[in-house]
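Everything below concerns the one structure shown next.
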Amino acid sequence: MSGPEGAQEVRAGAPDPLHDRLTSYAGRPAATAGTGKDPVNAPMIRHWCEAMGDTSPAYQGPDAVAPPTMLQAWTMGGLTGHPHGTGRSAAYDELLGLLDGAGYTAVVATDCEQEYLRPLRPGDLITFDAVIESVSRRKTTKLGTGYFVTTRMDVRADGEPAGTHRFRILKYRPGRRPTQRKAPLRPRPVINRDNAGFWAGVAEHRLLIQRCSDCATLRFPWLPGCNACAGQEWDTVEASGEGTVFSHVVMHHPSFLAFDPSGEGGPYAVALIELAEDVRIVGNVVGVPYDKVRVGLPVRLEFLRTDPDLELPVFRAGEGG
Ligand code: ZN
């Protein structure tokens with residue numbers, strides 16, 4: 001998820017009575033005595049691994065554990081529940097109500113952090129409590145001015161501490177739309193500690209693929225660990241730049257000016273490119289109209305400056321495409 005980078009404090013030190021009221025909620029429960037809808041179970045683990053393309057043997061067979069990143073999944077309330085799961089507290093509702101009442105009516109999830117204390121196995125019964133950890137000072141972001149609210153959920157498995165899930169939202173007052181709209185820009189990539197090396201490569205016009213130091217498996221997109229052997233050490237190899245279109249879709253709706261090379265908000269193709277190194281990357285195909293993109297089309301990497309602050313890897317259709 002996108003982080004709160006770029007948020008600016010509004011006149012640090014200026015009186016902010018609302019902030020004082022909001023911070024009085026720090027330390028109060030956000031959810032109490034929550035219980036997982038289902039125990040940790042093999043079908044959910046299997047669906048998750050299929051969706052993520054994670055083939056690690058650790059998540060299969062009689063001794064399977066759950067992928068640690070599923071931590072939150074076991075606490076979720078389902079389609080009719082709240083993302084914080086069951087048992088949301090009156091204090092948390094009050095806190096959000098205060099923000100709504102002051103005009104900070106919009107909400108966006110900004111980031112989450114997890115810590116894993118013990119593996120989860122099928123049959124584990126999940127219980128959890130969540131606490132309102134902190135409320136930021138008032139900040140101005142591109143979305144509008146508001147407050148970041150951080151909650152921390154402590155998850156237990158059969159009563160033992162299993163992990164923590166720290167979740168941050170921005171409650172904000174939506175900014176007014178400018179009357180004169182500038183030409184829209186491509187959305188900025190979210191750069192974090194797990195993918196910073198990839199974007200550093202792009203800045204040097206190199207498309208870097210991660211390689212596991214233990215088993216040499218190549219991986220893309222960038223991840224903190226190896227899906228094949230769970231190794232955490234890695235280096236990189238530079239893609240040769242040769243590839244073919246493995247799959248593609250054409251976006252017709254909604255129209256989005258920034259993505260259409262003609263700038264008219266018309267259809268555009270999004271392709272999944274299979275690189276010569278046998279990993280795949282999502283990108284735009286350039287040099288050919290959207291309706292001429294086809295599976296198997298040979299393409300070659302190049303870097304496109306979409307605006308003064310952004311360069312992206314794109315793929316130019318080969319001769320006779
Ligand atoms: Zn490996």
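Because the structure is a prediction, the values reported are computed rather than measured. Whatever order the structure lists them in is the order used to number ligands and atoms, beginning at 1. No hydrogens, no waters, no symmetry mates; every other heavy atom, side chains included, goes into these values.
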Quiz item: Angle class for the F259/Y268 ring planes (parallel below 30°, perpendicular above 60°, tilted otherwise)?
Solution: parallel

Quiz item: Is there a donor-acceptor pair closer than 3.5 Å between any side-chain N or O of H248 and the backbone N or O of N284?
Solution: no

Quiz item: If you leave out waters, which protein N, O or S atoms are less than 2.8 Å from the Zn ion (ligand 1)?
Solution: C212 SG, C215 SG, C226 SG, C229 SG

Quiz item: Has E302 got more than 12 heavy atoms of other residues, nucleotides or ligands less than 6.0 Å from its CD?
Solution: yes

Quiz item: Hey, which of D111, I169, T141 is the one that makes side-chain contact (heavy atoms from CB on, under 4.5 Å) with F148?
Solution: T141

Practice problem: Apply salt bridge (charged side-chain N to carboxylate O under 4.0 Å, His left out) to R46 and list each qualifying residue two or more places apart in sequence or on a separate chain. | Solution: E50

Quiz prompt | Pair Y172 + Y147: ring centers closer than 6.0 Å | solution = no

